[in-house]
Asks: 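One structure, pasted below without further comment.
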Number of protein chains: 2
Amino acid sequence: MVTARDVAERAGTSTAVVSYVFNNGPRPVAPKTRQRVLDAAAELQYRPNALARALSAGRTFSIGIVVPHIRNPYFAALAEQLEAGTRARNHLLLIGDSGGDSAQEQSHLTSFIERQVDGIVLVSVRSQPELVGLDTAGIPVVALHRMPGGSRASSLAIDSVAAAATAAGHLVSHGYRSIGVLTGPIDSPGTEEHLIGVAEATRGQRVKVEHRTSEISRYHATEVTSSWLANERPRAIYCATDEQAFGVLFAAWRAGLSVPDDLAVLGGDGTAECAVTIPPLSAIQRPVPQLATRSIELLLDASPGDGPVTITLPHELVRRESCGCI
Amino acid sequence: MVTARDVAERAGTSTAVVSYVFNNGPRPVAPKTRQRVLDAAAELQYRPNALARALSAGRTFSIGIVVPHIRNPYFAALAEQLEAGTRARNHLLLIGDSGGDSAQEQSHLTSFIERQVDGIVLVSVRSQPELVGLDTAGIPVVALHRMPGGSRASSLAIDSVAAAATAAGHLVSHGYRSIGVLTGPIDSPGTEEHLIGVAEATRGQRVKVEHRTSEISRYHATEVTSSWLANERPRAIYCATDEQAFGVLFAAWRAGLSVPDDLAVLGGDGTAECAVTIPPLSAIQRPVPQLATRSIELLLDASPGDGPVTITLPHELVRRESCGCI
DNA sequence: TTGTATGCGTTATCAA
DNA sequence: TTGATAACGCATACAA
C-alpha cells in the first residue's frame, strides 16, 4: 500500500504537506510544492486510506440505512435515492437488509455503530424499536415512520392515517361497498395507522371492511389473497405496500378475475414499478426523493445540540387502471 | 465514545487485556479478569471501534459490490445473497450502484479501495472494464461475467453463449419461426455472447432472427418493444435480462397481445419475480446462490499468491407459461 | 497471566 | 510556508 509517507518522500517534503494538499488546508501550500506532491501521488497511484483519515478526523463520511428487504421495490428505490444523495455529498451509503427480522436489524445497527457511521436511516420491522446502543453512540438516527414518544430518533414520514383514509375514501367514491385491507404484520410500523385511517374514511358509509395481514412479500401476499378471493371476496383491496399489491394482482389473475372490473386494487407506496404492472397500479405515492433528501440533511446538517424532530411529508394518490379510474 | 481504555480502567486492568478478551486471544486471560472486563464493557455499553481495529489489524471485514442498478431484481437478489453470505462470515457488504455509468462505476471502485475493503464483486457496465487502481491496491476482484484476457480479476459466470443457445433452441423447439432477441447495449458484457449463442442454435433452421437493444430497464424495454410489436413482430422474444422481459410483457399486454399465444417471451436471469408475473415468465436461470457463495470464497479464502481464476457455472431453463410450455 | 509500548495511516497543532 | 510530532482507538510483540 502506498502511504502519504511514500508520497512525501518522493516529493521531498513531509506528510503534513501531503495532507494539506489533499485536504486543501488547513495550511496553505506553495504552488510548486503542491505540484510536486500531486505528481508524486499520481506516479505512485496514491489513495488516501479512508480508515486512517476517519480515525483521525472523527468522521467516516458514510451513513447507513437498514431496511427490511432490499428486494422490495420501495426500499430499493429509497436506497437508490439515498445513494445518489450521499454520493453527491461525498459520502458512502451502507445498506443493511434486516430480512424482516428484529435481531438482524439490531445487528446491523450495531455494526454501523462500530463502523462509526455519521448517521443512520432506519426502516424498522418493529413499531417500537429499541435502538440498543444508539443513544450512547451519539449517532443521529432518522426513522422513516412514526416513532414512539420519547425516542431519541427523528421521524420523517407521511401521515399514514391520512394516507389510508385517502385510499379508502377513493375506493368508496368508486362505489365499492366492500373493501379489503391488506397490511403487514400487526406490530409492524404503520399497520395500526392504516386501520384507523380506513375506519375514518368509511365511518357512516354503508361499507364493509375486512382486514388481512401478510408478510411484506408479493409471494406471501399472493398466498393470503388466493384463499381470500376464493371465499366471499371484497370488491376492492387496499394494500399497505406496493409489494403486497403486486401479489394481489397476480392472485387475481390466477383466479381468473379481472382488475379492476372484478376486483379493484390499490398500492401503498407508488413505486415506479406500478406504471408497468398488469394492469398499471393505482397507489398512494410516498415522496421518495424528499424522504431521501431530507434524511440526508437531517443527518449531516444537524447541530449536535438539536433534539429529535418529527416531520410529516405529503402523500399523493396516483390514479391508474387498477382502481377503475382509467 | 467509550474506548477500550475506559473499559480497562473500570475493570482495573489494561487495554491489552481488553483486547485479548474481545478477540479471544492471542494471549489467554484469567476467568475472573475476563469477567470483570465483560462486566465493565456491558455497563459502559462498549463497542470496539471497527476503524481502529481495521487500521491496526490490516483488514476491514468488509467487501464491496458494484452493480449497474440495485433496483434490477437480479442485482437485488445478488446483493441479498451476498449480504447473507458476508454476514454469516462476520463481514459487511458495501453496495455501490453505478447507475449504468462507467465513471460512477470507477468512482465506487475507488471509494472501495480507499475504504480498504477486503474484496470486490463487480458487475461492470463495460465489456472491457479498466479497473483503475485495483492492481496496485492489491484487493482481490471477482467479476460476475467474462473478463478480457490478461485481467487481474477472477471471473465467475455462466456460459452466456450456451445459455443463449439453450434459450433460442427452446423457442425453436416450440416451432416459432421468427425470434427476436432483446439485449442490453452493444458493448455491455454478454451482449456479443448472446448473439453468438442464438446464431448457433438457429443455424441451419428456417428461423428468422432479429436483434434489438435497450437499456437494462423495464421502462425502456417497454418503449423499444412497443414500436417493435407495432410492425412486423417476431413470434417470440428472448431477453438477455429479466428486467427487460418484464418490460416486454407489459408492452405485449398494452398492445393487446396474449402471451404466449401471440407472443412468447423468455427472460435471462430467472429471478424469483418471474413466478408471479402475468403470465409467469419462463427464463434462463442464473445460479444466484452459487454466484454469491463462490464469490465470497474466492475473495475471502484466496491465498495472496493465487492468480485470477475463471469459473463457469451451470445455468438452467425454467419453463413457465410465457414461452408456451404450460 | 498481565502490562508497557509501538505501530497502523491520517490529521492538525505547534514551532520553526 | 513547512516540518516534527502528538493524537485517533485498537492489536500485539515483548517484557515482566
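Protein chains get the first letters and strands the later ones, always in sequence-line order, with residue 1 at the start of each.
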Asks: For A:E130, look at atom CD and say whether over 12 heavy atoms of other residues, nucleotides or ligands are found less than 6.0 Å away.
Replies: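 Atom CD in A:E130 is not packed in, count stays at 12 or less.
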
Asks: Using residues 25-33 of chain B as the side-chain source, report each donor-acceptor pair under 3.5 Å to any protein atom, sequence neighbours left out, with the distance given to one decimal.
Replies:
none

Asks: Could I get the full list of salt bridge (Lys or Arg N to Asp or Glu O under 4.0 Å) partners for A:R59, not counting sequence neighbours?
Replies: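 Partners of A:R59 by the salt bridge (Lys or Arg N to Asp or Glu O under 4.0 Å) criterion come out as none, since no residue qualifies.
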
Asks: Listed by chain and number, what are the ring-ring contact (aromatic ring centres under 6.0 Å, His included) partners of A:H108, not counting sequence neighbours?
Replies: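 Checked A:H108 against ring-ring contact (aromatic ring centres under 6.0 Å, His included); zero matches.
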
Asks: Are the charged groups of A:R89 and A:D301 less than 4.0 angstrom apart, N to O?
Replies: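 Yes, charged N to carboxylate O under 4.0 Å.
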
Asks: Enumerate the protein-to-nucleotides 9-12 of chain C contacts in which both atoms are nitrogen or oxygen and the separation is below 3.5 Å.
Replies:
from   : atom 1 : to    : atom 2 : distance (Å)
C:dG9  : N2     : A:A52 : O      : 3.4
C:dT10 : OP1    : A:Y46 : OH     : 3.1
C:dT10 : OP1    : A:N49 : N      : 3.1
C:dT10 : OP2    : A:A4  : N      : 2.7
C:dT10 : O5'    : A:Y46 : OH     : 3.4
C:dT10 : O2     : A:S56 : OG     : 3.0
C:dT11 : OP1    : A:N23 : OD1    : 3.3
C:dT11 : OP1    : A:N23 : ND2    : 3.1
C:dT11 : OP1    : A:R53 : NH1    : 3.2
C:dT11 : OP2    : A:S19 : OG     : 2.9
C:dT11 : OP2    : A:N23 : ND2    : 3.4
C:dT11 : O4'    : A:S56 : OG     : 2.7

Asks: Taking salt bridge (Lys or Arg N to Asp or Glu O under 4.0 Å) as the test, write out the residues that go with A:R115, two or more places apart.
Replies: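 So A:R115 forms no salt bridge (Lys or Arg N to Asp or Glu O under 4.0 Å) with any residue.
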
Asks: Can you pull the contact range of chain B along DNA chain D, 5' to 3', using atoms under 4.0 angstrom from its heavy atoms?
Replies: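 Contact boundaries, 5' end first: D:dG9 to D:dA13.
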
Asks: Is the shortest distance from a Lys or Arg side-chain nitrogen in A:E105 or A:R126 to a carboxylate oxygen in the other one below 4.0 Å?
Replies: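 A salt bridge is present here (some side-chain N lies under 4.0 Å from a carboxylate O).
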
